[in-house]
Amino acid sequence: MDNAEIARILRETADLLEIKGENPFKIRAYHNGADIAGNHPHELGLLDEAGLREIPGIGKDLAARIQEIGQTGDTEFHRQLVAEFPPTILDLLHLQGVGPKTVATLYRDLGIRTLDDLERAAHDGRIRALKGMGAKKEALILKALDERKRFAGRHLLAHAHDASAALQDYLRERAPGATIEAVGSLRRGCDTCGDLDLLATGAPATLMDDFIGYPLVERVLGHGDTKSSVLVQGGFQADLRLVAPESRGAAMQYFTGSKAHNIALRDRAIGLGFKLNEYGLFRVADEGRVAGEREEDIYDALGLAWVPPELRELRGEIEAAAARTLPRLLEVSDLRGDLHMHTTETDGKDGIRTMAIAAREAGLEYIAITDHSQSLAMANGLDERRAIEHAQRIRAVDAEGLGIRLLAGVECDILPDGSLDLADDCLAALDIVVASVHSAFNQERQEMTDRVLRAIGNPHVDVLGHPTGRKLLKRQAYPIDVEAIIDAVGRAGAAIEINSQPHRLDLNDVHASLARQRQVPIVISSDSHSRNGFGFLRWGAAVARRAWLQPADVLNTRSFAEFRASLRRHRRPPS
DNA sequence: GCCGTTTTCGGCCCGACTGTTTTCAGTCG
């Protein structure tokens with residue numbers, strides 16, 4: 001039983017306790033336990049009680065629950081809670097703007113158990129009749145339902161990657177000689193993915209049976225000799241295709257897409273007297289095979305350089321491949337620093353030194369510790385005094401010579417009027433300031449744009465953090481003139497962030513590409529909230545690659561000295 | 001449910017915002 005499953009059961013326990021209206025601190029303890037399990041480096045199910053109780057936040061009860069999950073796969077407590085409510089009720093809780101009290105009321109007073117029940121009730125005007133609710137709440141629920149439908153069946157890149165990787169491991173064990181690889185939107189590094197597309201070459205026909213026998217399969221949608229589809233736990237649809245080795249490259253190309261890229265490629269093939277399909281590239285004249293085993297050969301035969309999957313969106317990559325001007329894309333290993341992370345001083349899970357050591361072990365040469373500022377009260381944000389004291393502690397750790405350099409920074413809130421949450425002299429005393437919006441998302445486009453422009457106008461702001469505030473599959477970006485923001489950041493000599501959190505990836509690929517074209521400096525940051533967060537940089541790097549970024553476009557590919565010198569506070573503003 | 005203790009109880013990050021209210025409840029972060 002892995003930590004993710006332990007975390008899931010604890011979180012579900014917390015959610016159900018919340019709907020029941022239990023003691024909020026008990027609920028918090030379970031949520032906290034879920035976080036701990038999800039972030040812990042060792043398998044908690046293997047620890048004994050003493051070992052578990054050494055972990056802060058795990059006491060007598062949680063230790064027992066975790067052991068029970070490790071031994072039996074679930075807890076009696078959790079099973080009892082699940083039995084008290086319809087199993088679909090947690091779907092309601094995950095709607096934006098619907099919390100445990102609302103779910104409890106909906107269930108108790110209207111017998112609402114499913115999203116369909118809820119939608120009917122909202123359409124019938126039955127929600128507004130409830131005490132404490134009105135027409136606006138009803139509209140809010142309908143909007144949340146609509147958003148959920150729009151996002152249904154899609155998954156965050158990181159989640160799709162994890163689910164796909166587990167399935168690939170399982171298949172490789174059963175067909176050691178075969179090549180198994182992920183294709184589709186996952187291979188292209190899209191920020192969200194629909195189906196999990198897998199390709200197997202050189203595999204025995206029995207692999208299809210193994211595939212539908214994967215323990216996490218909930219339903220078999222189709223089962224043939226060369227293609228099968230299943231529904232996997234977590235709401236993923238997974239497709240597996242079996243192809244002959246001589247078609248591997250063609251199949252990879254075909255199933256990686258995008259559709260638009262493929263159409264353009266096939267069009268080009270026709271123009272050259274070829275036919276391109278998932279089995280290979282063939283001459284029209286005599287149907288002779290020109291290429292098929294390797295992707296590179298197919299592109300080559302079409303007069304093109306091999307196109308990295310992240311660029312296959314028909315955004316000029318075919319012309320660039322023909323002209324041999326494709327960029328040398330950034331790799332995650334090019335990143336030498338990470339400029340956005342949190343510690344236990346605010347809402348992080350680990351202290352300064354732990355974060356520094358973990359970053360060093362992740363291969364980084366320098367980091368900036370950027371805890372939240374005071375207006376983010378729920379995160380225990382820093383006021384000026386604490387920010388300065390925290391900076392002293394960060395610099396003290398830096399002075400220890402851990403083999404990684406530390407910058408003392410802050411993630412300073414941009415207040416609704418565009419002023420910053422900390423006084424200028426405080427910001428000036430730090431090494432780096434990331435400024436971000438965390439509140440009042442409902443401002444009008446012009447108001448929001450003016451707000452962020454005003455913040456960028458503050459000379460102490462070095463980096464604009466997660467510039468559009470989007471939460472993938474959950475919340476749209478707030479309305480803002482991104483182009484004006486990018487230009488303002490460039491004029492100010494500041495930098496703009498690609499936040500690597502799987503649910504943010506903000507800037508997105510399109511806007512990051514715009515920043516590149518405007519030659520606005522970009523940083524790729526993890527926004528880590530624990531020592532395990534540095535792995536997220538690969539998702540930020542995926543966005544960067546989709547934006548055609550080269551190492552030189554990104555400030556934190558530079559050495560520590562060069563990076564520091566490139567910060568706005570150490571540059572003369574362009575006159 | 002966890003924790004720390006002046007140690008077996010009492011405190012536990014809380015402010016902003018919204019929509020419902022007429023003094024506040026629920027949600028979010």
Side-chain angles (χ1 to χ4, degrees), chain A residues 9-11 13-37 49 52-66 68 75 77-78 81 92-106 108-109 122 127-144 147 342-349 371-383 386 390 411 413-417 421 436-443 447-448 451 465-466 469-471 474-475 478 501 503-504 527 529:
Chain A
I9 290 169
L10 294 180
R11 197 173 310 285
T13 303
D15 285 346
L16 290 165
L17 288 172
E18 220 173 348
I19 293 172
K20 273 190 84 171
E22 276 271 3
N23 174 0
F25 299 108
K26 182 172 174 174
I27 293 158
R28 182 187 297 174
Y30 272 95
H31 272 302
N32 189 35
D35 280 348
I36 290 167
E49 191 191 338
L52 286 167
R53 294 198 58 179
E54 276 178 25
I55 303 168
I58 305 293
K60 184 162 170 290
D61 287 33
L62 280 175
R65 306 266 190 242
I66 290 170
E68 193 184 346
T75 70
F77 186 50
H78 175 249
L81 281 169
L92 305 178
L93 188 63
H94 298 139
L95 289 171
Q96 190 76 3
V98 177
K101 302 285 191 233
T102 308
V103 172
T105 306
L106 291 169
R108 190 186 60 235
D109 294 354
I127 306 286
R128 66 179 73 189
L130 293 173
K131 185 168 160 20
M133 307 208 195
K136 291 213 171 157
K137 184 79 180 177
E138 205 170 74
L140 189 84
I141 286 173
L142 282 170
K143 181 161 175 281
E147 275 180 346
H342 302 270
T343 69
T344 45
E345 188 64 19
T346 60
D347 61 352
K349 299 265 182 256
D371 274 299
H372 287 291
S373 62
Q374 56 192 344
S375 77
L376 220 57
M378 71 92 178
N380 189 26
L382 307 171
D383 59 20
R386 283 178 60 214
H390 194 39
E411 182 184 15
D413 257 51
I414 298 173
L415 301 177
D417 67 354
D421 192 27
S436 313
V437 168
H438 290 112
S439 62
F441 298 116
N442 57 340
Q443 290 179 338
E447 193 181 9
M448 183 62 90
R451 170 187 184 182
H466 45 76
R470 72 170 180 172
K471 288 277 184 76
K474 254 199 132 163
R475 180 176 81 199
Y478 39 70
Q501 288 285 313
H503 63 278
R504 287 198 186 271
D527 197 357
H529 285 68

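Values reported hereafter were calculated over all heavy atoms of this structure, with side chains retained and with hydrogens, waters and symmetry mates removed. Below, read A as the first sequence line, B as the second, and so on, with proteins coming before strands; counting in each chain starts at 1.
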Chemist: Would A:Asn32 and A:Ile58 count as a side chain to side chain contact (heavy atoms under 4.5 Å, CB included) here? Give the steps.
Modeler: CA-CA 9 Å; A:Asn32 189 35; A:Ile58 305 293; over 6 Å; no
Chemist: Measure the distance from CG on A:Leu93 to P on B:dG26 and round it to the nearest whole Å.
Modeler: 14 Å
Chemist: Looking for any heavy atom pair under 4.0 Å, which part of the strands does A:Lys60 touch: base, sugar-phosphate only, or nothing?
Modeler: sugar-phosphate
Chemist: Looking for any heavy atom pair under 4.0 Å, which part of the strands does A:Ala139 touch: base, sugar-phosphate only, or nothing?
Modeler: nothing
Chemist: Does a side-chain N or O of A:Thr346 approach OP1 or OP2 of B:dC13 to a distance below 4.0 Å, or not?
Modeler: no
Chemist: Can you tell me if A:Gln96 touches the phosphate of B:dG29, counting only side-chain N or O atoms and a distance under 4.0 Å to OP1 or OP2?
Modeler: yes
Chemist: Do the numbers put A:Arg11 on top of the ring of A:Tyr30, so that NZ or CZ is under 6.0 Å from the six-membered ring centre and no more than 45° off the axis?
Modeler: no
Chemist: Could you pull out the closest heavy-atom pair between A:Asp347 and A:His529, with the gap in Å?
Modeler: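 Here A:Asp347 and A:His529 meet closest at OD1-CD2, 3.3 Å.
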Chemist: Just checking, any donor-acceptor pair under 3.5 angstrom between side chains of A:Glu411 and A:Ser436?
Modeler: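 The answer is yes; a qualifying pair exists.
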Chemist: May I ask which nucleotide in the shown strands pairs with B:dG1, Watson-Crick or G-U wobble, both distances under 3.5 Å?
Modeler: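 For B:dG1, the partner nucleotide comes out as B:dC12, under the 3.5 Å rule.
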Chemist: When rounded to the nearest Å, what value does the distance between C1' atoms of B:dT23 and B:dC12 take?
Modeler: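 It works out to 26 Å between them.
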Chemist: Whole Å only: how far is the CG atom of A:Leu382 from the C1' atom of B:dC14?
Modeler: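 Computing the A:Leu382:CG to B:dC14:C1' distance gives 15 Å.
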Chemist: Specify the separation, in whole Å, of atom CG of A:Asp371 and atom P of B:dC13.
Modeler: 16 Å
Chemist: Using the P atom as the reference point in each nucleotide, state the distance between B:dA16 and B:dT21 in Å, no decimals.
Modeler: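 Comparing P positions in B:dA16 and B:dT21 gives a spacing of 24 Å.
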Chemist: Give the intermediate values and the outcome of side chain to side chain contact (heavy atoms under 4.5 Å, CB included) for residues A:His372 and A:Asp421.
Modeler: CA-CA 10 Å; A:His372 287 291; A:Asp421 192 27; over 6 Å; no
Chemist: Quick one: which of B:dT20, B:dC14, B:dG1 gets closest to the side chain of A:Asp61?
Modeler: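 Side chain of A:Asp61 sits closest to B:dG1.
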Chemist: Is the base of B:dG1 touched by the side chain of A:Asn23 through a donor-acceptor pair closer than 3.5 angstrom?
Modeler: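 A donor-acceptor contact between them is present.
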Chemist: Could you give the distance separating B:dT6 and B:dG1 at their C1' atoms, to the nearest angstrom?
Modeler: 23 Å
Chemist: To the nearest Å, how far apart are A:Glu138 CD and B:dG19 C1'?
Modeler: 13 Å
Chemist: Let's see if you can work this out: which of B:dG1, B:dC13, B:dT20 has an atom nearest to the side-chain heavy atoms of A:Asn380?
Modeler: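 Within the option list, the nearest is B:dC13.
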Chemist: Taking any heavy-atom pair under 4.0 Å as a contact, classify A:Ser439: base, sugar-phosphate, or nothing.
Modeler: nothing
Chemist: Which part of the nucleic acid, if any, lies within contact of A:Pro56, taking any heavy atom under 4.0 Å across all strands shown: a base, the sugar-phosphate backbone alone, or nothing?
Modeler: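 Sugar-phosphate contact only - A:Pro56 comes under 4.0 Å of backbone atoms but never of a base.
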Chemist: For a quick test of reading the model: is some side-chain N or O of A:Arg65 closer than 4.0 Å to OP1 or OP2 of B:dG1?
Modeler: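 Yes, such a contact exists.
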Chemist: With sugar-phosphate meaning primed atoms plus P, OP1 and OP2, does A:Ile27 contact a base, only sugar-phosphate, or nothing at under 4.0 Å between heavy atoms?
Modeler: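 No contact.
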Chemist: Distance check: side-chain N/O of A:Lys26 vs OP1/OP2 of B:dG1, anything under 4.0 Å?
Modeler: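 It does, given that an N or O in the side chain of A:Lys26 lies less than 4.0 Å from OP1 or OP2 of B:dG1.
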Chemist: Please determine, for the side chain of A:Leu62, which listed nucleotide (B:dG1, B:dC17, B:dG15) has the closest atom?
Modeler: B:dG1
Chemist: Quick check on B:dC13: is either OP1 or OP2 less than 4.0 Å from any side-chain nitrogen or oxygen of A:Arg28?
Modeler: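 Checking A:Arg28 against B:dC13: at least one side-chain N or O falls below 4.0 Å of OP1 or OP2.
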Chemist: Side chain of A:Lys101 only, heavy atoms from C-beta on: which candidate in B:dG26, B:dC17, B:dG1 is closest?
Modeler: B:dG26
Chemist: Under 4.0 Å, heavy atoms only, any strand: does A:Leu95 hit a base, just the sugar-phosphate, or nothing?
Modeler: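 Sugar-phosphate contact only - A:Leu95 comes under 4.0 Å of backbone atoms but never of a base.
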Chemist: Going by heavy atoms in the side chains, are A:Leu382 and A:Ser373 under 4.5 Å from each other?
Modeler: no
Chemist: Can you check the distance between B:dC14 and B:dC9, where both ends of the measurement are the C1' atom (answer in whole Å)?
Modeler: 23 Å
Chemist: Within this structure, what is the NZ-to-P distance between A:Lys131 and B:dG19, rounded to whole angstrom?
Modeler: 18 Å
Chemist: With rounding to whole Å, what would you report as the distance between B:dG10 and B:dG19 at their P atoms?
Modeler: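 One P to the other, the span is 40 Å.
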Chemist: Without decimals, in angstroms, what is the distance between A:Leu376 CG and B:dG15 P?
Modeler: 12 Å
Chemist: Between B:dT20 and B:dT27, how far apart are the P atoms? Round to whole Å, please.
Modeler: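 B:dT27 and B:dT20 have their P atoms separated by 13 Å.
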Chemist: Pick the P atom in B:dC17 and in B:dT22, then give their distance to the nearest Å.
Modeler: 23 Å
